Amino acid sequence: MKKTPSLTDDESQLFRDAIKGTRKIKQDTLRAELRPVKQKREMRESREMLGVGHFFSDEYQPHLDEEGPTRYVREDVSKFELKKLKRGLYPPEIYLDLHGMNQNQAKQELAALLSLCQKENIHVASVMHGIGKHILKQRIPSWLAQHPNVRAFHQAPREWGGDSAILVLLEIEE
């Protein structure tokens with residue numbers, strides 16, 4: 001193990017001259033807040049009471065086509081289902097308007113919508129995200145692609161929102 005050589009008197013004086021006029025820094029390290037287990041349990045129970053059974057990851061990035069309208073079809077679903085959505089042959093049975101919501105609120109509302117569709121046997125939903133700063137427009141497709149009951153989605157035809165909405169085709173377990 002190498003020892004660091006000690007400073008000479010000249011080097012110590014040079015260092016003192018260099019730092020003259022400075023002051024000691026206060027400890028400014030931030031410590032992460034740890035939520036007690038009770039709070040985590042309460043949060044989980046409140047989400048379960050809302051009927052929200054699926055939660056979406058913000059890190060997951062599905063492979064979606066960058067060109068053209070927003071669209072996705074699950075691997076085990078026919079591409080013709082996507083074409084039917086695009087043409088508007090499946091009219092939406094329920095609408096969700098996310099205008100004015102932040103990402104967390106929108107995520108919870110979307111999960112609640114998908115849960116409701118499951119309970120009520122709704123096959124097609126329209127999710128209106130608006131245009132704005134394109135934050136929800138970018139996040140919603142990645143959230144929808146994660147849900148096991150989403151068979152396909154496509155940018156809505158003009159009569160159901162156009163660029164500011166997505167039609168979602170859902171698989172209903174009977």
Side-chain angles (χ1 to χ4, degrees), residues 32-33 35 37 39-174:
E33 288 184 35
R35 290 185 178 171
V37 176
Q39 282 182 332
K40 289 180 184 177
R41 184 175 56 238
E42 288 172 357
M43 287 176 57
R44 187 189 73 238
E45 289 171 355
S46 68
R47 286 191 295 236
E48 287 173 357
M49 285 179 57
L50 289 173
V52 179
H54 191 84
F55 301 101
F56 306 108
S57 168
D58 289 327
E59 284 85 36
Y60 176 73
Q61 292 297 322
H63 178 68
L64 301 174
D65 290 335
E66 301 280 327
E67 297 177 15
T70 304
R71 62 193 179 277
Y72 164 83
V73 63
R74 204 169 62 197
E75 291 178 6
D76 62 334
V77 177
S78 169
K79 303 274 187 206
F80 292 110
E81 298 295 328
L82 189 64
K83 285 185 178 183
K84 291 177 184 177
L85 268 179
K86 176 183 177 180
R87 294 177 182 155
L89 297 178
Y90 293 136
E93 301 170 54
I94 190 169
Y95 294 87
L96 175 63
D97 189 356
L98 301 174
H99 286 92
M101 293 186 188
N102 64 32
Q103 288 184 48
N104 287 333
Q105 292 169 333
K107 194 186 300 186
Q108 287 179 346
E109 290 296 320
L110 186 61
L113 171 80
L114 295 173
S115 177
L116 176 72
C117 289
Q118 181 77 28
K119 290 177 186 173
E120 300 293 325
N121 288 335
I122 295 173
H123 296 278
V124 181
S126 175
V127 179
M128 294 174 274
H129 49 70
I131 302 291
K133 296 180 181 177
H134 296 284
I135 295 170
L136 291 180
K137 186 174 184 172
Q138 293 170 355
R139 293 287 186 185
I140 289 172
S142 67
W143 294 336
L144 287 171
Q146 295 175 46
H147 200 281
N149 292 338
V150 174
R151 297 175 65 201
F153 59 80
H154 198 285
Q155 177 181 314
R158 182 171 288 161
E159 64 266 21
W160 292 310
D163 290 346
S164 63
I166 293 179
L167 284 183
V168 183
L169 183 63
L170 299 161
E171 182 173 358
I172 306 300
E173 299 171 5
E174 297 182 25

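The shown structure was predicted, so the numbers you read here are calculated from the model rather than taken from an experiment. When reading the values below, keep in mind they use all heavy atoms of this one structure, side chains included, and skip hydrogens, waters and symmetry mates.
Heavy-atom minimum distance, Arg151 versus Tyr72: O-CE2, 4.3 Å. The two residues His154 and Pro69 come nearest to each other via the heavy atoms CE1-CG, 3.7 Å. Looking at every heavy atom in both residues, Pro92 comes nearest to Ser126 through CB-CB, 3.7 Å. Shown here for Trp143 and Gln103, the closest heavy-atom pair between the two residues is CH2-O, 3.5 Å.
Here the CD1 atom belonging to Ile140 is positioned 11.0 Å from the CE atom belonging to Met128, to the nearest 0.5 angstrom. Here Arg158 contributes atom CZ and Ser164 contributes atom OG; the two are 11.5 Å apart, rounded to the nearest 0.5 Å. For the atom pair CG of Leu144 and CG of Leu110, the computed distance is 5.0 Å after rounding to the nearest 0.5 Å. Atom CD of Gln155 and atom CG of Asp163 lie 4.5 Å apart (nearest 0.5 Å). Once rounded to the nearest 0.5 Å, the distance linking CG of Leu136 with CZ of Arg139 reads 9.5 Å.
In this structure, the side-chain contact (heavy atoms from CB on, under 4.5 Å) partners of Gln105, at least two apart in sequence or on a different chain, are Met101, Asn102. The side-chain contact (heavy atoms from CB on, under 4.5 Å) test applied to Pro91 returns Trp160, not counting sequence neighbours. Every residue two or more places apart in sequence or in another chain that forms a side-chain contact (heavy atoms from CB on, under 4.5 Å) with Thr70 is listed here: Pro141, Phe153, Ile166. By the side-chain contact (heavy atoms from CB on, under 4.5 Å) test, Glu120 pairs with Leu116, Ile122, sequence neighbours left out.
Leu85 places none of its side-chain heavy atoms less than 4.5 Å from the side chain of Val73. Counting heavy atoms from C-beta outward, Leu170 and Val150 have side chains that approach closer than 4.5 Å. Taking the side chain as every heavy atom from C-beta outward, Val77 and Leu82 never approach each other to under 4.5 Å. For the pair Asn149/Leu114, no side-chain contact is recorded, criterion being any heavy-atom separation below 4.5 Å from C-beta on.
None of Val168, Leu167, Asp97 except one satisfies the side chain to side chain contact (heavy atoms under 4.5 Å, CB included) rule with Val127; the exception is Val168.
The stretch residues 73-83 participates, sequence neighbours left out, in these side chain to side chain donor-acceptor pair (under 3.5 Å) pairs: Arg74-Asp76, Arg74-Glu171, Glu81-Tyr90.
Checking side-chain atoms of Gln146 against main-chain N and O of Ser142 turns up a donor-acceptor pair under 3.5 Å.
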